[in-house]
Protein chains: 2
Amino acid sequence: MDTQSTFDAYLSAGDVTLGARDVELLRAIDREGSLNNAAETLSRSYAHAQRRIVELEEAFGSLVERRRGGAGGGGSELTDNARDLLAAFARTQSSFEGVADIAETVLSGDIVDRDGELVTVETGAGHVRALVPDGSGAVELSIRADAVTLTDPEDTPVPEHTSARNRFSGTVREVEMGERIARIAVDIGGNQPILALVTEDSREKLGLEPGHDVVVSFKATATRGVSV
Amino acid sequence: MDTQSTFDAYLSAGDVTLGARDVELLRAIDREGSLNNAAETLSRSYAHAQRRIVELEEAFGSLVERRRGGAGGGGSELTDNARDLLAAFARTQSSFEGVADIAETVLSGDIVDRDGELVTVETGAGHVRALVPDGSGAVELSIRADAVTLTDPEDTPVPEHTSARNRFSGTVREVEMGERIARIAVDIGGNQPILALVTEDSREKLGLEPGHDVVVSFKATATRGVSV
DNA sequence: GACCGTTGTTTCGACATAGATACAACCGCG
DNA sequence: CGCGGTTGTATCTATGTCGAAACAACGGTC
């Protein structure tokens, strides 16, 4: 079974949520210069699109400046507010895409200490500090590969001097090159290696090849877990 | 206008996607011991729930072991496969929650170099390396607060010895304490400070108070941007 | 062998979403 | 003053989703 995680992103204000479909509509208005043409090119009904715009504006404020009559019959264009909203949507969507696409390592373990939502988990590789909303006992921690920093063992800050609460010494097990980004699997003693995403630049400077020693560190606040 | 980013998480296999509603159903079956009672407690129709299970199993493999007849008329329970699926869903959902909830800094700038999807962006605070799928010119970079590492200026690895490609010297501008987690705003010379999430532990050890000097670093692979 | 509560299957209808259509209002322009 | 293309509004219909209801099949237990 080959599952893949996907998502729908929304921006919500009050009880109205703006989704991908709405963004598509706003972009089309921007492109076409009129609500009518926008609905046309998207093969949607004008009536519905118009009602939706009104609905969105009640929650998000003015979005589309609409003029009727005049040369060419009128037209519509986006407000600055709408452009900000579109940019915000694009940003959050791209953040979510990061989560959906990027490899992560899953560590299993048991909670041995809890302080608010901050917990200490005993795993095969040692203690890991992480965020787990609630529960106790067995947990699964997920560590996104883009949140893992690799440093040279000779020049790694002592734990008191960095905010990365989790650090492990390990050796590179596998290097998988992408276009400009390498995925490094580092053995840290647990039953499975930690994956880290680094630029080819970094890979070269740190001399990351199989067998090379390296220190992996990641922040507690970027390590999230769920009870199982 | 106060917008908030939300999301719906899915796991998809082929053209079937498993969503929150399906997860709710599977959990109810696990809890109630029968498909019938599960549908009952969720106020859903048994018929629809049953069809949905069949549909999901065609894509995700065996999920529910159903027995009819026998003592008590039969019953159903989840397969190990289904439990794995539930855990996977919980993990991805919790990862998405991280993105939705956690503060981020948005830096505006212009692309000055591109190498694949890896770009160098000129911002008010200096050059930042980031991932931007396509486009050129103006971009907005979002840097999640949980991806920012703070280190002591006295003990920060030289750039050649760390995979964190972006580093800036700054001074703490503001500290906002949560329960066990502090949000630190660090001034790095741009028009807006970088936000970092650190544990209270780290805040104390690094002596993070307004006015204190600190080095902020974050990975290029954790910095995503969109063209504007 | 009848009972009983479950699974399996079909059909119907309620409901929400969205397209289709029609028509009024608007206003610069020729 | 009418034309033309737009916005604004109302109503109808198609579609898909999901609950409601009814009934057959199943198989331990008594």
Side-chain angles (χ1 to χ4, degrees), chain A residues 8 10 12 15-79 81-82, chain B residues 8 10 12 15-79 81-82:
Chain A
D8 287 338
Y10 307 98
S12 59
D15 55 352
V16 178
T17 65
L18 175 141
R21 188 181 170 83
D22 300 314
V23 167
E24 205 180 16
L25 176 60
L26 289 176
R27 284 203 228 275
I29 292 172
D30 192 27
R31 200 173 49 241
E32 302 293 331
S34 87
L35 217 165
N36 213 324
N37 281 343
E40 174 72 18
T41 61
L42 294 177
S43 319
R44 299 198 205 159
S45 89
Y46 167 85
H48 195 71
Q50 195 276 341
R51 276 196 303 267
R52 183 57 180 165
I53 293 292
V54 171
E55 196 175 354
L56 289 175
E57 286 189 321
E58 279 171 15
F60 291 92
S62 174
L63 296 175
V64 181
E65 218 160 82
R66 287 158 286 180
R67 296 180 312 279
R68 61 176 167 182
S76 297
E77 62 178 338
L78 300 189
T79 65
N81 182 31
Chain B
D8 288 337
Y10 307 98
S12 58
D15 54 352
V16 179
T17 65
L18 175 141
R21 187 181 171 85
D22 300 314
V23 167
E24 203 179 17
L25 175 60
L26 289 176
R27 284 203 228 275
I29 293 173
D30 192 27
R31 198 173 52 241
E32 302 293 331
S34 86
L35 217 165
N36 212 325
N37 282 343
E40 174 72 19
T41 60
L42 294 178
S43 319
R44 300 198 203 159
S45 88
Y46 168 84
H48 195 72
Q50 196 274 342
R51 275 196 306 267
R52 182 58 179 164
I53 294 291
V54 171
E55 194 175 357
L56 288 174
E57 286 188 321
E58 278 170 15
F60 291 92
S62 173
L63 295 175
V64 180
E65 216 159 83
R66 289 158 284 180
R67 296 178 311 279
R68 61 177 169 182
S76 296
E77 63 179 335
L78 299 190
T79 64
N81 182 30

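Letters go in sequence order (proteins before strands), and every chain restarts at 1. These numbers were taken from a predicted model, which means no experiment stands behind them.
Nearest-nucleotide mapping onto DNA chain C: of Leu42(A) and Gly73(A), the residue sitting toward the 5' end is Leu42(A).
Going from atom CG of Asp22(B) over to atom P of dT17(D) covers 13 Å, rounded to whole Å. Between Glu40(A) atom CD and dT21(C) atom C1' there is a gap of 14 Å when expressed in whole angstrom units. The CD atom of Glu77(B) sits 12 Å away from the P atom of dT7(C) (whole-angstrom rounding). Between the CG atom of Leu25(A) and the C1' atom of dG19(C) there is a distance of 14 Å, rounded to whole Å. Taking atom NE2 of residue His48(B) and atom P of nucleotide dA21(D), one finds them 17 Å apart after rounding to whole Å. Rounded to whole angstrom, the span from the CZ atom of Arg67(B) across to the P atom of dG28(D) amounts to 10 Å. Remark: C1' of dT6(D) and CD of Glu65(A) are 15 Å apart, rounded to the nearest angstrom.
When distances run from any side-chain atom of Arg44(A) to the nucleotides dT11(C), dT7(D), dG19(C), the shortest one goes to dG19(C). Nearest nucleotide to the side chain of Tyr46(B), out of dG8(C), dT6(C), dC18(D): dG8(C). Of the listed nucleotides (dT9(C), dA20(D), dT6(C)), dA20(D) has the atom at the smallest distance from the side chain of Ser45(B). Proximity note for Gln50(A) (side chain, C-beta onward) versus dG8(C), dT9(D), dT11(D): the nearest is dT9(D). Taking the side chain of Leu35(B) as heavy atoms from C-beta on, and the options dT7(C), dG19(C), dA20(D), the nearest nucleotide is dT7(C). Residue Ser34(A) has its side chain nearest to dT7(D) when only dA18(C), dT7(D), dA20(C) are considered. Closest to the side chain of Asn36(A), from the set dT7(D), dA10(D), dG8(C), is dT7(D).
Looking at Arg21(A) and Glu24(A), no side-chain N of the basic residue comes within less than 4.0 Å of a carboxylate O on the acidic one, giving no salt bridge.
With Asp22(B) as the fixed residue, the salt bridge (charged side-chain N to carboxylate O under 4.0 Å, His left out) test singles out one of Arg51(B), Arg44(B), Arg52(B), Arg27(B): Arg52(B).
Distances shown here put every side-chain N or O of Arg51(B) at or beyond 4.0 Å from the OP1 or OP2 atom of dT17(D). Phosphate contact (OP1/OP2 of dA18(C), side-chain N/O of Arg21(A), threshold under 4.0 Å): present.
In this structure a side-chain-to-backbone donor-acceptor pair under 3.5 Å is missing from Thr17(B) to Tyr10(B).
Between the side chain of Arg68(A) and the base of dT6(D) there is no donor-acceptor pair of N/O atoms closer than 3.5 Å.
Within 6.0 Å of atom CD in Glu40(B), 12 or fewer heavy atoms from other residues, nucleotides or ligands are found, so the atom counts as exposed in its surroundings. The neighbour count for Glu55(A) CD, taken as heavy atoms of other residues, nucleotides or ligands under 6.0 Å away, is above 12.
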